[in-house]
Every structure is written in C-alpha cells, then in structure tokens.
Amino acid sequence: MEGGLATNNGSISETQNGSLCDVSCEDSQSALLFLGTGCSSAVPNARCNTSLLIDYSHGSGEHSYILIDVGKTFREQVLRWFTRFKIPRVDSIILTHEHADAILGLDDIRAVQPFSPTNDIEPTPIFLTQFAMDSIAMKFPYLVQKKLKQGQEVRRVAQLDWRIIESHCEKPFMTSGLEFIPLPVMHGEDYVSLGFLFGKRSKVAYISDVSRFPESTEYVISKAGARQVDLLILDTLYKKGTHNTHLCLPGTLDAVKRICPKRALFVGMTHEFDHEQDNKYLAEWSQREGIWVQLAHDGLRVPLDL
C-alpha cells in the first residue's frame, strides 16, 4: 500500500474510521518519509527493512535530509521512494545499531552522493556508537579507511565522516540543524539499541528495535514523565505473543498506554499483519483508549512542524 499523510497544520490526517488518508503536502513543510516498515527479514522477503528519512525544512525554502538506518535494501528504497518524492541527497545519517537490517546498505550511500572519479567529495556525517563503529570497521574496512596506502588505487566508495555518540539520554547531538536525543532501549536482554527523540516544535520519538524500555528512557518520552511526544514510532514484530528481541503487538500497545503519546505509528511488522484489517482493529482500540494508533507502511509521508 502506498500513500501519505498531511494537513496544513502539521497533524496527521485520518478518515472517520481512523484509517490513513492521502492529502496534498506543502513543499515548505518538514516531513517524515517511511522508507521501510518491515522486519529484518523484509516484507516480502526480498524487500524493505525499517528505515526513516527526515525531510527537515529550515523555514527558508532550504531542506536537509537525515536518514535513520541504512538497511540491506537501501538501494531499492532509493529507486522507489527517493525518485517518487524527489529526494535529492542525504545530508547526514544516524544508526540505531549495527545489525544487518540497519547497516548493510552503507556501500550504496555513494548513490546519493555527488559523483567524483577521484572521490574528492565532502563526506556525509554518520552518527553511531563506538560499539557499532567497531563492528562496522570489521564489516566495511574500506568505508572507514582514513587515507589511501601508498600505491593504493582510488576506488569510488561512499565517503563517510564517522562521528561517535553516546548511548545516553543526557548526551544529545546536532546534525543538519536538528537536535537528537539518544534513547537507549533493550533489544534482547544483553544488547542495547538506540531510538531517537527529535523535533523543536513537534516532538517525535523513533524506536525501531526494542524488547524492553529502561525506566530512564521511558521517562524521557512519557506523558507522566518529562514530556508527551506528538508522535511515537514504535517496533511491533508479531500480532500475538512475545519475542526475545522485539515488542509484539500486545506489548507495543501496553507501551503506548504507558507512554501516552498524542499519536503512534507502528513499524517492523512481519507479513502476518493484514494492513487494512489490523488498522481497523487499531482504530477501534484508539477509540477506546483515546490515543490515535495505526500501522505505518512503506512510502508513508507524514508532514510535521519540526
């Protein structure tokens, strides 16, 4: 299913039954573009991973494009969604963790960088933890090499400026004019992945890989804690039961009730979800609980006043 969401006041539009609807968007407005909303094995199995592109409008006609995660189907996402929404480049990259579904498209970043036969281009800033950096250095040594060795032939590879961030809510960082607050979450019992809180006027929390929230992280994004977020984008793998590294729908809905965002969109679903039918169920849940919740989908464009 393809489509987008927009209203002139920056909120997410919906029909009377709570489903998403397509409306025209203003080019001057910031927006979130869901490049992929499927699980790590992809939906269908040869397609998209979870990934988000932030189209940030600086208010003067200038836009910056911030990519969260570069999964193994990034090339297909560029061919399908960058062309459709006329995304000209990627200005900066943020990685949630170093698993395959977040990093295996790094080689294809060169496709959205300026062409130079000698690679004499400005590197794209990429923000990640030291743990992720160490892992990527082993997987992609040619992408982290600072200087060519004597006599080494110039190769046209992605040019990246690696910048280390900390897994701590009190250690924000800036890129492309936006501040991001890291949101450490458990992705299994012994692995920390990052979500991110961003937005100056509308607050967005993006958490794609999570099985459990530390209290300190939940406090930062919950209505009963530091703030009520305008939009929570949250992991949900299966419709029933539990999973050791991801939230599933019952746990995701419990988390939404605790955090109490104004609105929520779910990502990371397997193909056991029926998008239309399950969104009807979520619309009914939203009516009961007073929190608007729906499944996201690939190519979904959400204009926001960031």
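Counting begins at 1 with the first residue of the sequence.
- Between T124 and Q113, the side chains place a donor N or O and an acceptor N or O closer than 3.5 Å (distance only, hydrogens not considered).
- Formation of a donor-acceptor pair under 3.5 Å by the T236 side chain with backbone atoms of L249 is found in this model.
- With hydrogens and angles disregarded, no donor-acceptor distance shorter than 3.5 Å links the side chain of R212 to the backbone of H187.
- By the rule that hydrophobic residues join a cluster once side-chain heavy atoms approach within less than 4.5 Å of another member, V70 and V157 end up as members of one cluster.
- Side-chain atoms of S202 and L231, non-hydrogen and from C-beta on, never get closer than 4.5 Å to each other.
- By the 4.5 Å heavy-atom criterion applied to side chains, D55 and L33 are not counted as neighbours.
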*asked:* Please evaluate residues D230 and K203 with respect to the criterion salt bridge (Lys or Arg N to Asp or Glu O under 4.0 Å), reporting the C-alpha separation (whole Å), side-chain torsions for both, the decisive distance (0.1 Å), and the verdict.
replied: CA-CA 5 Å; D230 295 282; K203 294 292 184 182; over 6 Å; no

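- In terms of hydrophobic clustering, with Ile, Leu, Val, Met, Phe, Trp and Tyr side chains grouped at heavy-atom distances under 4.5 Å, W285 and L247 are assigned to a common cluster.
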*From CA spacing to verdict: side-chain contact (heavy atoms from CB on, under 4.5 Å), V293, R263*: CA-CA 6 Å; V293 174; R263 304 196 177 209; over 6 Å; no

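- Residues D69 and H97 approach most closely at OD1-N, 4.4 Å, considering heavy atoms.
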*Given salt bridge (Lys or Arg N to Asp or Glu O under 4.0 Å), test D305 with K200 step by step and report yes or no.*
CA-CA 8 Å; D305 184 16; K200 299 174 183 177; over 6 Å; no

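- The nearest pair of heavy atoms linking F213 to R258 is CD1-NH2, 4.0 Å.
- Interatomic distance, OG of S208 versus NE2 of H246, reported as 8.5 Å (0.5 Å rounding).
- F173 and F180 have their aromatic ring centers within a separation under 6.0 angstrom.
- The backbone N or O of C260 lies less than 3.5 Å from a partner atom in the side chain of Q228, making a donor-acceptor pair.
- If you chain together hydrophobic residues whose side chains sit under 4.5 Å apart, V192 and I136 never meet in one group.
- One finds the CD1 atom of I233 at 5.0 Å from the CG atom of L32 (value rounded to the nearest 0.5 Å).
- Between Y191 and H99, a ring centre-to-centre spacing shorter than 6.0 Å is recorded.
- The line from CG of L306 to CD1 of I54 is 7.5 Å long, rounded to the nearest 0.5 Å.
- A distance of 8.0 Å separates CE in M138 from CD in E98, rounded to the nearest 0.5 Å.
- Between the side chain of T129 and the backbone N or O of A132 there is at least one donor-acceptor pair closer than 3.5 Å.
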*Verdict with reasoning, E218 to E215, per side-chain contact (heavy atoms from CB on, under 4.5 Å)*: CA-CA 5 Å; E218 190 165 309; E215 288 184 10; 5.8 Å; no

*Can F82 and Y65 be said to form a side-chain contact (heavy atoms from CB on, under 4.5 Å), step by step?*
CA-CA 11 Å; F82 278 49; Y65 301 92; over 6 Å; no

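- Both Y142 and I93 are assigned to one and the same hydrophobic cluster, defined by single-linkage of ILVMFWY side chains at heavy-atom distances under 4.5 Å.
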*List the steps and the verdict of side-chain contact (heavy atoms from CB on, under 4.5 Å) for L53 and I66.*
CA-CA 6 Å; L53 184 76; I66 307 163; over 6 Å; no

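- Atom CD of E122 is surrounded by 12 or fewer heavy atoms from other residues, nucleotides or ligands within 6.0 Å.
- Remark: T96 OG1 to Y206 OH distance equals 6.5 Å, nearest 0.5 Å.
- For residues 160-179, the side-chain hydrogen bond (donor to acceptor under 3.5 Å, both in side chains) pairs, not counting sequence neighbours, are S92-T175, S92-S176, D161-R163.
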*Step by step, work out the salt bridge (Lys or Arg N to Asp or Glu O under 4.0 Å) result for D91 and R89.*
CA-CA 6 Å; D91 293 300; R89 64 188 182 277; 2.8 Å; yes

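- Around atom NZ of K223, no more than 12 heavy atoms belonging to other residues, nucleotides or ligands sit under 6.0 Å away.
- Taken together through direct or relayed side-chain contacts under 4.5 Å among Ile, Leu, Val, Met, Phe, Trp and Tyr, Y238 and M186 form parts of separate hydrophobic clusters.
- Taking CG of L79 as the reference point, atom CZ of R75 lies at 5.0 Å (rounded to 0.5 Å).
- For H58 and Y56, the distance between ring centers is under 6.0 angstrom.
- Looking at I68 and L95, their side chains never come closer than 4.5 Å, going by heavy atoms from C-beta outward.
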